[in-house]
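For reference, the structure is listed below as structure tokens.
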Amino acid sequence: MNEKYNVYLVSDSTGETLDRIFLSLKSQFANFEYEKKEFAFVRTQQQIDKIIKECTDIKNSLILYTIVETKLAKYISNQSEINGVPCFGILGNLILSFSKLLNQKAIHKPSAQHVLDDDYYRRIEAIQFTMSHDDGKKIDDLGDADVILLGVSRTSKTPTSIYLANRGYKTVNIPLVLDQQIPLVLDSKIKACVIGLIADPERLVEIRRNRVALMNDHKLRDYTDIESIKKEVEDSKILFKKNNWPAIDVTRRSVEETAASILKIIEINKHK
């Protein structure tokens with residue numbers, strides 16, 4: 001039986017970067033059992049002392065940290081070593097390497113990535129735009145969109161849209177329903193990158209049946225009927241091919257993987 005580890009994620013900012021890195025790290029190990037504790041905005045030696053004291057009292061503890069202030073980063077590293085707690089700095093060596101490469105000194109400022117610059121406000125604007133255009137709610141200003149996603153129900157349009165919005169892309173998602181016409185504006189030349197999302201009908205049946213069960217509405221026969229779903233998917237493929245819109249099969253893709261493919265398509269279109 002594998003031992004269980006107590007993982008302490010220590011950050012001098014929100015901890016978002018560290019959490020994402022740990023998510024990628026743990027995915028590489030099939031038999032990694034752990035309990036995670038997160039500590040955000042750690043900016044004093046007293047806070048670090050308290051964390052290390054807790055680590056020494058609990059078996060199999062380890063620390064991952066993103067602390068950019070040099071003195072504090074050295075402190076957590078030294079105190080961990082003194083107390084025999086495995087400790088790994090995520091950004092330290094990378095910042096040092098970049099500093100040497102760029103031949104300039106890093107500012108070592110916590111939360112520097114959260115500065116309220118043009119990029120920040122662009123992402124906020126994209127999120128607001130995307131939320132107001134979810135599920136085809138609003139289609140009168142599609143010309144302002146960066147990305148337009150089309151797909152039948154339960155092809156991850158909404159979560160993918162939100163992910164893209166967080167990356168700064170104004171995204172509209174429009175559901176494809178049997179016998180319903182797509183907005184005529186899509187037939188014209190618009191700057192947005194139009195992308196279709198498809199999925200395996202068998203997988204869609206499973207997802208939709210779970211949704212219907214949660215909604216406790218069993219009147220939606222066509223919604224969960226395999227033959228109806230096959231026709232929906234086939235019709236969507238025909239539509240995408242007819243309009244030369246790229247299509248992505250999301251059946252075995254995470255939202256992040258789908259979004260990465262979309263960003264690649266956007267990049268290719270930019271250089272056409």
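Source: prediction; values computed, not measured.
Hydrophobic cluster membership differs between Val177 and Ile207, with clusters built from Ile, Leu, Val, Met, Phe, Trp and Tyr side chains linked at under 4.5 angstrom. Note on Leu149 and Val250: same hydrophobic cluster, where clusters join Ile, Leu, Val, Met, Phe, Trp and Tyr whose side-chain heavy atoms are under 4.5 Å apart, directly or indirectly. In the hydrophobic cluster analysis, where Ile, Leu, Val, Met, Phe, Trp and Tyr join through side-chain heavy atoms closer than 4.5 angstrom, Phe29 is grouped together with Leu18. A single hydrophobic cluster is seen to contain both Ile198 and Ile174, as judged by linkage of ILVMFWY side chains at heavy-atom distances under 4.5 Å, directly or through other members. Both Leu239 and Leu142 are assigned to one and the same hydrophobic cluster, defined by single-linkage of ILVMFWY side chains at heavy-atom distances under 4.5 Å.
A salt bridge links Lys4 to Glu35: at least one charged side-chain nitrogen sits closer than 4.0 Å to a carboxylate oxygen. Salt bridge status for Arg123 with Asp119: present, with a side-chain N to carboxylate O gap under 4.0 Å. A salt bridge is absent between Glu54 and Lys50: the closest approach of a Lys/Arg side-chain nitrogen to an acidic carboxylate oxygen does not fall below 4.0 angstrom. The pair Glu234-Lys231 does not count as a salt bridge, with every side-chain nitrogen at least 4.0 angstrom from each carboxylate oxygen.
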So Leu164 and Leu263, side chain to side chain contact (heavy atoms under 4.5 Å, CB included) or not? Walk me through it. CA-CA 8 Å; Leu164 291 170; Leu263 294 176; 3.8 Å; yes
Are Glu257 and Arg252 close enough, and set up right, to give a salt bridge (Lys or Arg N to Asp or Glu O under 4.0 Å), and what steps lead you there? CA-CA 9 Å; Glu257 289 171 324; Arg252 294 175 180 83; over 6 Å; no
Could you go step by step and tell me if Cys55 and Asn83 meet the side chain to side chain contact (heavy atoms under 4.5 Å, CB included) rule? CA-CA 9 Å; Cys55 288; Asn83 288 276; over 6 Å; no
So Ile58 and Tyr8, side chain to side chain contact (heavy atoms under 4.5 Å, CB included) or not? Walk me through it. CA-CA 11 Å; Ile58 301 175; Tyr8 288 72; 3.2 Å; yes
Run Ile139 and His133 through side chain to side chain contact (heavy atoms under 4.5 Å, CB included) and show every step you take. CA-CA 7 Å; Ile139 57 173; His133 291 77; over 6 Å; no
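Between the side chain of Asp146 and the backbone N or O of Thr171 there is no donor-acceptor pair closer than 3.5 Å. Using modelled atom types, one side-chain atom of Lys157 and one backbone atom of Gly151 make a donor-acceptor pair closer than 3.5 Å. With hydrogens and angles ignored, the 3.5 Å screen pairs no side-chain donor or acceptor of Ser156 with any backbone N or O of Pro159. Remark: side-chain polar atoms of Ser236 are paired, donor with acceptor, to backbone N or O of Val233 under 3.5 angstrom. At least one donor-acceptor pair closer than 3.5 Å links the side chain of Asp249 to the backbone N or O of Thr251. Judged by distance alone, the side chain of Arg43 and the main-chain N or O of Glu69 form no donor-acceptor pair under 3.5 Å. Listed for the Asn173 side chain is no donor-acceptor partner under 3.5 Å among the backbone atoms of Asp134.
The side-chain heavy atoms of Asp144 and Lys191, taken from C-beta on, include no pair separated by under 4.5 Å. Annotation: side chain of Thr17 is not in contact with side chain of Ile90 (no heavy-atom distance under 4.5 Å). Residues Leu9 and Tyr65 are not in side-chain contact: their nearest non-hydrogen atoms beyond the backbone lie 4.5 Å or more apart. Residues Leu25 and Leu64 form a side-chain contact, since some pair of their non-hydrogen atoms from C-beta on lies under 4.5 Å apart.
Of the inter-residue distances, the one linking Ile229 atom CD1 with Leu204 atom CG reads 6.0 Å to the nearest 0.5 angstrom. Taking CD1 of Ile248 as the reference point, atom CZ of Phe240 lies at 10.0 Å (rounded to 0.5 Å). Note that OG1 of Thr224 is 5.5 Å distant from CZ of Arg209, once rounded to the nearest 0.5 Å. Atom NZ of Lys71 is separated from atom CD1 of Ile76 by 15.0 Å, given to the nearest 0.5 angstrom. Taken from OG in Ser24 to CG in Asp19, the straight-line distance is 10.0 Å, to the nearest 0.5 Å. Taken from CD in Glu256 to OG1 in Thr258, the straight-line distance is 8.5 Å, to the nearest 0.5 Å.
Shown here is Lys241, whose NZ atom has no more than 12 heavy atoms of other residues, nucleotides or ligands within 6.0 Å. Counting non-hydrogen atoms of neighbouring residues, nucleotides and ligands closer than 6.0 angstrom, the NZ atom of Lys59 reaches no more than 12 such neighbours.
Checked by atom type, the side-chain pair Ser261/Arg253 shows a donor-acceptor distance below 3.5 Å.
Considering every non-hydrogen atom in both Ala126 and Ala165, the closest pair reads CB-O, 3.6 Å. Of all heavy-atom pairs spanning Ser13 and Ala40, the tightest one is O-CB, 3.3 Å. Closest non-hydrogen pair, Lys53 versus Asp57, comes out as NZ-OD2, 2.8 Å. Closest heavy-atom contact between Pro175 and Gly136: CD-N, 3.8 Å. Closest approach of Phe88 and Pro86 over heavy atoms only: CE1-CB, 4.1 Å. Between Lys230 and Pro201, the shortest heavy-atom distance links the atoms CG-CB, 3.8 Å.
Of the listed residues (Ile265, Ile195, Leu150), just one forms a side-chain contact (heavy atoms from CB on, under 4.5 Å) with Trp245, and that residue is Leu150.
Between Phe22 and Tyr34, the distance separating the two ring centers is shorter than 6.0 angstrom.
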